[in-house]
Amino acid sequence: MPELPEAETLARGLRTLIPGSVVRRTRVIHPDVLRVPARRFRTSLTGRTVTAVGRRAKNLVLELDGGDGALVVNLGMTGRLVPMGFPGADRGRPTHPAVRFAFGQGRSLVFDDVRRFGSLEVFDAAGWAERSRQIGPEPLSPGYRWTRLREDLQRSRTPLRNWLLDQRKIAGVGNIYANEACYRAGVRPHRPACDVEETEARALHRAIREVLEEGIEHGGTTLRDYRNVDGEPGGNQRRLRVYGREGAPCPSCATPVERTVFGNRSAFFCPRCQS
DNA sequence: AGTGTATCCTGCAGGC
DNA sequence: TGCCTGCAGGATACAC
């Protein structure tokens, strides 16, 4: 589920609550969201202070002890982070808690995940830097230019939509925003990446940034599970032009939106507006 | 290298 | 009401 805009929305919400919290106790309810034994995970966190909340691709990055490592949370399809006991609005109860971090004073943060495709991992500073290097460029960073996108696209014959989903090539794009970006750029999701023309690459670069920025602006897209830290759904789903709209009229030309499946995922496009 | 497929897991919607 | 199938925002491992 959560793609860059949803992870960013969560990071912003958590940033106002969590920094300064000290992990007093970690309860692992479902160890299958960890990559190390639960005991090792717990000891790597106990006593450490969360000093900042950031985002890299679709991951939430909870920095520990002023940058001396990080707890990195990948939300998978249905993962949520639920702050509990903090002053402010009621935030609803976790329904499928997998890991709970207790901060003392009745405050805690719960990683809640119905399907448990999410994962939690603790890195030291060097380890996280290394992992982060394996992830592609952040599309919203000012230094990410269309020329870079164009160069990278030319190295692959994989369908454009699949290329956009590959976190090693570009960070944070998932199936919703990939399809929406292809639509806005007027390029079919099946087109080989290296066949994207220069003018299309320019349009695609703009489209990727637009859909992600609008997603953030509207608090993320909620199809079913996504909630922000206040337990509220996002508002971006109303703005989707093709994703999940099979058979519905294209907002631009009214031709029915088509759905095809490749790479094990649905792709949505307008057969008239996208070539 | 690239691509298609299966897998992890649960819930929900739709058809009968 | 119940049973069955298909589908879901992600990531990875595998065979070809």
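Note: hydrogens, waters and symmetry copies are ignored here, and every other heavy atom, side chains too, is used. Naming: A, B, ... by sequence-line order, numbering from 1 per chain.
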| For A:Asn264, which contact category applies under a 4.0 Å heavy-atom criterion: base, sugar-phosphate, or nothing? | base
May I ask you to verify if any side-chain N or O of [X] is less than 4.0 angstrom from the OP1 or OP2 atom of [N]?
X        : N      : value
A:His96  : B:dG11 : yes
A:Arg265 : C:dC7  : no
A:Ser266 : C:dA8  : yes
A:Arg224 : B:dT10 : no
A:Lys58  : C:dG9  : no

Whole-Å distance separating the [atom1] atom of [X] from the [atom2] atom of [N]:
X        : N      : atom1 : atom2 : value
A:Asn59  : C:dA11 : CG    : C1'   : 11 Å
A:Tyr226 : C:dG9  : OH    : P     : 17 Å
A:Asp32  : B:dT7  : CG    : P     : 18 Å
A:Gln237 : C:dA8  : CD    : P     : 17 Å
A:Asp166 : B:dG4  : CG    : C1'   : 15 Å
A:Glu8   : C:dG9  : CD    : C1'   : 17 Å
A:Arg80  : C:dG9  : CZ    : P     : 19 Å
A:Leu60  : C:dG10 : CG    : C1'   : 14 Å

| task | Check A:Pro137 against A:Arg56 and note the closest heavy-atom contact, atom names and distance. | result | C-NH1, 4.5 Å
Check: [X]/[Y] side-chain N/O donor and acceptor closer than 3.5 Å:
X        : Y        : answer
A:Arg265 : A:Asn162 : no
A:Glu6   : A:Tyr177 : yes
A:Thr78  : A:Arg115 : no

Please tabulate, one pair per line, all N/O donor-acceptor pairs under 3.5 Å involving side-chain atoms of residues 93-105 of chain A, not counting sequence neighbours.
none

| query | How is the base pairing of DNA chain B summarised as a dot-bracket string, given the Watson-Crick and G-U wobble criteria with both distances under 3.5 Å, [ ] for crossing and | for another strand? | reply | .|||||||.|||||||
Which protein N or O atoms sit under 3.5 Å from an N or O of nucleotides 1-3 of chain B?
| from | atom 1 | to | atom 2 | distance (Å) |
| --- | --- | --- | --- | --- |
| B:dG2 | OP1 | A:Arg155 | O | 3.4 |
| B:dT3 | OP1 | A:Arg157 | O | 2.8 |
| B:dT3 | OP1 | A:Thr158 | N | 3.1 |
| B:dT3 | OP2 | A:Thr158 | N | 3.2 |
| B:dT3 | OP2 | A:Thr158 | OG1 | 2.4 |

Could you pull out all donor-acceptor pairs under 3.5 Å where a side-chain atom in residues 9-17 of chain A meets a protein atom, sequence neighbours excluded?
| from | atom 1 | to | atom 2 | distance (Å) |
| --- | --- | --- | --- | --- |
| A:Thr9 | OG1 | A:Pro5 | O | 2.7 |
| A:Arg12 | NE | A:Glu8 | OE2 | 2.9 |
| A:Arg12 | NH2 | A:Glu8 | OE2 | 3.4 |
| A:Arg15 | NE | A:Val53 | O | 2.8 |
| A:Arg15 | NH2 | A:Val53 | O | 2.8 |
| A:Thr16 | OG1 | A:Gly13 | O | 2.9 |

| query | Is the NZ or CZ atom of A:Arg245 positioned over A:Phe268's six-membered ring, under 6.0 angstrom from the centre and within 45° of the axis? | reply | no
| request: Considering only NZ, NE, NH1 and NH2 on the basic side and carboxylate oxygens on the acidic side, decide whether A:Arg55 and A:Glu138 come within less than 4.0 Å. | output: yes
| task | Give me the residues of residues 112-129 of chain A where at least one heavy atom lies under 4.0 Å from an atom of DNA chain C, by number, or none. | result | A:Arg115, A:Phe117
| query | Residues in side-chain contact (heavy atoms from CB on, under 4.5 Å) with A:Pro192, at least two apart? | reply | A:Cys194, A:Asp195
| request: Take A:Val23 and A:Leu64 through the side chain to side chain contact (heavy atoms under 4.5 Å, CB included) test and state the conclusion after the steps. | output: CA-CA 10 Å; A:Val23 180; A:Leu64 302 171; 5.5 Å; no
| query | Expressed as a whole number of Å, how far does the C1' atom of B:dT3 sit from that of C:dG9? | reply | 22 Å
| said: For the C1' atoms, the ones on C:dG6 and on B:dA6, what distance do you get once it is rounded to whole angstrom? | reply: 16 Å
| query | How about A:Arg191 and A:Glu200: do any of their side-chain heavy atoms sit closer than 4.5 Å? | reply | yes
| request: Can you spot which of A:Thr260, A:Val242, A:Val187 makes a side chain to side chain contact (heavy atoms under 4.5 Å, CB included) with A:Phe269? | output: A:Thr260
